[in-house]
There are 2 protein chains.
Amino acid sequence: MDGEHAEMVRLLWGPHPRPARGPRPTLDLPRIARAGIEIADAEGLADVSMQRVAERLGVTKMALYRYVPGKAQLVALMVEAAIGPCPAPAPGRPPGGWREQLESWARQLLALFLQHSWVLAATVGPRVQGPGELSWLERAVSALDGTGLTGAERMDAAVLLVGHVRGITQQAHASGGPAGNPEAQLGAILGDLIQSHGESYPALTAAFASAVESDGQDQAWEFGLQRILDGLAALIDRRAASPRP
Amino acid sequence: MDGEHAEMVRLLWGPHPRPARGPRPTLDLPRIARAGIEIADAEGLADVSMQRVAERLGVTKMALYRYVPGKAQLVALMVEAAIGPCPAPAPGRPPGGWREQLESWARQLLALFLQHSWVLAATVGPRVQGPGELSWLERAVSALDGTGLTGAERMDAAVLLVGHVRGITQQAHASGGPAGNPEAQLGAILGDLIQSHGESYPALTAAFASAVESDGQDQAWEFGLQRILDGLAALIDRRAASPRP
DNA sequence: TGATTACTGTGTACCTTAGACGCAGTTGTT
DNA sequence: AACAACTGCGTCTAAGGTACACAGTAATCA
């Protein structure tokens, strides 16, 4: 029927039966994914090619096709392996309220995206999600259990947070992360453009001037995160005050 | 110094001096951008190649390089042309408070992203923004003038909203938009996966069951939008109650 | 044991795409 | 008329994804 997606599902969700006969496979899916991730982490997603991954594994590129039907599937495997399952909360510690749980969850997710910034580009557009990725969603939704939100609303809240994580990752990646790194020029270019066309962008000019004093990325992250959580809290409180039928 | 980005800036921000001598150019940047946009709208970003764009314009692909230094720059032009300048508010009507302004702004931006869903994929990673794109940011930031937020905070709020627009676009695009369209299978696949691994995803199972009754995309969009605006309102009110030095 | 069968990695194609380079023609300037 | 600056174009290279047929290997079965 679809074919395209079916391959993805089988690859990401298994099962992966060991071949009964024939030579032992030299590789396996986790090793392939790891090789791709190492290249992407070090040199970016654009430098991940069948060739480069195969080289790093000591085989020819065609050998990879014995394990992975195509490049799209390889990238999907990389994403799933890089994200991995959502870490369980420390069993000794009390879990805390929904707000602490979601906040910690979002921070962990952001750390992941910052560590593997190529994941952002690899997860645009329609695609099949893997079990690890879904486990992250599961934890976020379950953190909102008992808040009076509907199932759809809990899901929407999780999606909202993921959107913020992605937005900050994008921005951090664009302005060159911490400081003084090779991509920091983009921030400078933007500043120059705004300044040299200042009459068209008065609000931005003022905002930029004010922004140089604050911490940039960190501030944007915290600001958005707290605004989202505040907004959720407002709704949850309202619901608690006047429950619906 | 950078070269890469300088080309982008010159292309997006001008000036574009008419050549004094030689044959009349057959093409111009807006026409090229439009051709690319038409292909991307109809067949997706992946089908935009120098070849295809040139064909549609009735020239060979090498002719394009007389106008655009490379494919990256062509895509940047497409993005800038597709987004365009932020429409000015109707001059007769009163502008309304910050909340109405931002809400309307976000809706217009979402409509744009939904109309040209490839823009999402074309704007991941570090890149130079064009004047039109910045005008959108300008309007959002200026809508928050006089709210007591700092410049950095106004910018962060705009980024937060953009993140939500992008998140919803991504989701809408993935679950196949309205319904019954070719990509709607992905939603079905996800549902199947959650159901067949239900014991691992109890919260998602419940949330999905509840979600089928609501409107899906629309609901997620409205939910996130209102939560963000609520969160902003909470902060603005707090600031108004106890202004900082 | 030997034949069969299902697998392995590999070399050799082919196609598409981005881009470099040089040529011939066109047009305003000198 | 000669020149300089430009145009669009044909040719070429390199890289990437992928189809396919081949030779070798290991478990199964006659």
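All values below were derived from every heavy atom in this structure, side-chain atoms included, with hydrogens, water molecules and symmetry-related copies excluded. Chain letters run A, B, ... following the sequence lines, proteins first and then strands; every chain starts at 1.
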How close do A:L12 and A:P131 get, counting heavy atoms only, and between which atoms?
O-CD, 3.4 Å
In this structure, how many angstroms lie between the C1' atom of C:dG11 and the CG atom of A:L64, rounded?
15 Å
Carefully, step by step, assess A:L204 and B:M155 under the rule side-chain contact (heavy atoms from CB on, under 4.5 Å).
CA-CA 8 Å; A:L204 281 183; B:M155 194 101 100; 3.7 Å; yes
May I ask you to verify if any side-chain N or O of B:T60 is less than 4.0 angstrom from the OP1 or OP2 atom of D:dG8?
no
Hey, could you give me each pair passing ring-ring contact (aromatic ring centres under 6.0 Å, His included) that has a residue in residues 6-58 of chain B? Not counting sequence neighbours.
A:H197-B:W13
Under the side-chain hydrogen bond (donor to acceptor under 3.5 Å, both in side chains) test, residues paired with A:R127 that sit two or more places apart
A:E133
Considering all heavy atoms, the nearest B:L112-B:A82 contact:
CD2-O, 3.1 Å
Please determine whether the number of non-hydrogen atoms from other residues, nucleotides or ligands lying under 6.0 Å from atom CD of B:Q195 exceeds 12.
no
Between C1' of C:dG11 and NZ of A:K61, the distance in whole Å:
11 Å
Whole angstrom is fine here: how far is it from CE in B:M62 over to P in D:dT7?
13 Å
What pairs of nitrogen or oxygen atoms, one from the protein and one from nucleotides 25-30 of chain C, lie under 3.5 Å apart?
| residue | atom | partner | partner atom | Å |
| --- | --- | --- | --- | --- |
| C:dG28 | N2 | B:R21 | NH1 | 3.3 |

Do B:R166 and B:T123 come within less than 4.5 Å of each other through their side chains, counting heavy atoms only?
yes
Return the CZ to CG distance between B:R139 and B:L102, rounded to the nearest 0.5 Å.
10.5 Å
Check DNA chain D against residues 31-57 of chain B and give the residues with a non-hydrogen atom under 4.0 Å, in numerical order.
none
Interface residues of residues 66-73 of chain B with DNA chain D (non-hydrogen, below 4.0 angstrom):
B:R66, B:Y67
Once you round it to whole Å, what is the distance between C1' of C:dG11 and OH of A:Y65?
15 Å
Hey, are the side chains of A:P19 and A:P25 touching, using non-hydrogen atoms and a 4.5 Å cut-off?
yes
Between B:L27 (CG) and D:dT7 (C1'), how many Å, whole number?
11 Å
Check whether A:H164 reaches the backbone of A:W221 with its side chain - one donor and one acceptor, N or O, closer than 3.5 Å.
yes
Counterpart residues, side-chain hydrogen bond (donor to acceptor under 3.5 Å, both in side chains), relative to A:R66 (two or more places apart)
none
